[in-house]
**Student:** 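Structure incoming, see below.
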Amino acid sequence: MKILFDFDEKKCSACGACAIACMDQNDLDAEAGQQPYRKVYQYESGGEHVYMSIACLHCPDAPCVTACPVGCLSKDEATGLTRFDNTNCIGCHSCAMACPYGAPSFRSTGDKRPREKMEKCHGCLERIEAGLTPACVHACPTGALTWRWAEDDEISPLAALYASWKALT
């Protein structure tokens, strides 16, 4: 079994509550230019505005894991989530270049950080383990964003939707 995030584009109003919840959960600083791990996009398709909320899709064969030269990324066998430990991150951006969804991000360098370190959606596993819903899902007022346990070989419907939209641009 693995964790999958599902998205119903027909329910999304692009309110951004998921992105704000992500920023709050991960102590991201918008004033310092830090972006949430979950982002909301808008597309026009057939004369209609369509919205999409996307973060790391925790790919079964995550290319970011393979691309990292120092092993900061790994697959969690129990959940299927793509986890990270950026202790050894060298800020090379190889994971970001390998990711087709733009999930890895890098916090700006500053006085307390001698170099950029990769960060990304971790699926709010600590919330799930505590019996809570991931922050982005919990904050979604329309129910467009959900999560569930799925079979290991099940492909994320969100990945297929994103690929179809990306083909339109």
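For the single chain, residues carry numbers from 1 onward in sequence order.
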**Student:** Check the side chains of E44 and H49 for a donor-acceptor pair under 3.5 angstrom, ignoring hydrogens and angles.
**Tutor:** no
**Student:** Treating Ile, Leu, Val, Met, Phe, Trp and Tyr as nodes and any side-chain heavy-atom pair under 4.5 angstrom as an edge, say whether L132 and W149 lie in one connected cluster.
**Tutor:** no
**Student:** Taking only residues two or more places apart in sequence or in another chain, which ones pass side chain to side chain contact (heavy atoms under 4.5 Å, CB included) with E129?
**Tutor:** L125
**Student:** Does the side chain of E119 reach to within under 4.5 Å of the side chain of C89, using non-hydrogen atoms?
**Tutor:** no
**Student:** Does either side chain, that of Y51 or that of E9, offer a donor lying less than 3.5 Å from an acceptor on the other one?
**Tutor:** no
**Student:** Can you tell me which residue pairs pass the ring-ring contact (aromatic ring centres under 6.0 Å, His included) test with a partner in residues 61-100, sequence neighbours excluded?
**Tutor:** H93-F106
**Student:** Should we say atom CD of Q42 is surrounded by more than 12 heavy atoms from elsewhere, each under 6.0 Å from it?
**Tutor:** yes
**Student:** Shared ILVMFWY cluster between W147 and Y101, side chains joined below 4.5 angstrom?
**Tutor:** yes
**Student:** Minimum heavy-atom separation for I128 and P134, please, with both atom names.
**Tutor:** CD1-CG, 3.8 Å
**Student:** Which residues pass the side-chain hydrogen bond (donor to acceptor under 3.5 Å, both in side chains) test with E154, not counting sequence neighbours?
**Tutor:** R148
**Student:** Stepwise, does the side-chain contact (heavy atoms from CB on, under 4.5 Å) test hold for Y37 with S105?
**Tutor:** CA-CA 7 Å; Y37 304 142; S105 61; 3.7 Å; yes
**Student:** Where do C12 and F7 come nearest, in terms of heavy atoms and distance?
**Tutor:** CB-CZ, 3.5 Å
**Student:** What residues, two or more places apart in sequence or in another chain, satisfy side-chain hydrogen bond (donor to acceptor under 3.5 Å, both in side chains) together with E31?
**Tutor:** none
**Student:** Identify all side-chain donor-acceptor contacts of residues 61-76 below 3.5 Å with residues at least two apart in sequence or on another chain.
**Tutor:**
| residue | atom | partner | partner atom | Å |
| --- | --- | --- | --- | --- |
| K75 | NZ | H58 | O | 3.2 |
| K75 | NZ | C59 | O | 2.7 |
| K75 | NZ | G80 | O | 2.7 |
| K75 | NZ | T82 | OG1 | 2.9 |
| D76 | OD2 | A78 | N | 3.4 |
| D76 | OD2 | T79 | N | 3.0 |
| D76 | OD2 | T79 | OG1 | 2.7 |

**Student:** Hey, quick one: are L57 and M52 part of the same hydrophobic cluster, counting side-chain heavy atoms closer than 4.5 Å, chains of contacts allowed?
**Tutor:** yes
**Student:** I20: which residues meet the side chain to side chain contact (heavy atoms under 4.5 Å, CB included) condition with it, sequence neighbours left out?
**Tutor:** none
**Student:** Taking all atoms of both residues into account, what is the closest heavy-atom pair of A30 and M23, and its distance?
**Tutor:** CB-CE, 3.4 Å
**Student:** Fit a plane to each ring of Y43 and Y41, take the angle between them on a 0 to 90° scale, and name the class: parallel (under 30°), tilted (30 to 60°) or perpendicular (over 60°).
**Tutor:** tilted
**Student:** Do T133 and R127 pair up side chain to side chain, a donor and an acceptor below 3.5 Å, judged on atom types alone?
**Tutor:** no
**Student:** Has the side chain of K117 got a donor or acceptor atom that lies under 3.5 Å from a matching backbone atom of N86?
**Tutor:** yes
**Student:** Tell me which donor-acceptor pairs under 3.5 Å the side chains of residues 135-146 have, and how far apart each pair is, sequence neighbours excluded?
**Tutor:**
| residue | atom | partner | partner atom | Å |
| --- | --- | --- | --- | --- |
| T142 | OG1 | K11 | O | 2.9 |
| T142 | OG1 | A144 | N | 3.4 |

**Student:** Show, in sequence, the C-alpha distance, side-chain angles and deciding distance for C124 and Q25, and conclude whether the side-chain contact (heavy atoms from CB on, under 4.5 Å) test is met.
**Tutor:** CA-CA 8 Å; C124 284; Q25 177 68 31; 3.9 Å; yes
**Student:** Test of understanding: with side-chain hydrogen bond (donor to acceptor under 3.5 Å, both in side chains), list the residues that count as partners of S94, not counting sequence neighbours.
**Tutor:** none
**Student:** List the steps and the verdict of side-chain contact (heavy atoms from CB on, under 4.5 Å) for C95 and M118.
**Tutor:** CA-CA 8 Å; C95 57; M118 187 281 302; 3.5 Å; yes
**Student:** Show your reasoning for whether side-chain contact (heavy atoms from CB on, under 4.5 Å) applies to S53 and R38.
**Tutor:** CA-CA 7 Å; S53 172; R38 176 161 296 282; 3.1 Å; yes
**Student:** Kindly work out whether a path of hydrophobic side-chain contacts (I/L/V/M/F/W/Y, heavy atoms less than 4.5 Å apart) joins I3 to I54.
**Tutor:** yes
**Student:** Who clusters with M97? Use side-chain heavy atoms, under 4.5 angstrom, across I, L, V, M, F, W and Y, and order the result by chain and number.
**Tutor:** none
**Student:** Should side-chain heavy atoms under 4.5 Å link Ile, Leu, Val, Met, Phe, Trp and Tyr, which residues sit in the same cluster as V40?
**Tutor:** none
**Student:** How would you list, by chain and number, every residue that makes a side-chain hydrogen bond (donor to acceptor under 3.5 Å, both in side chains) with D29, sequence neighbours excluded?
**Tutor:** none
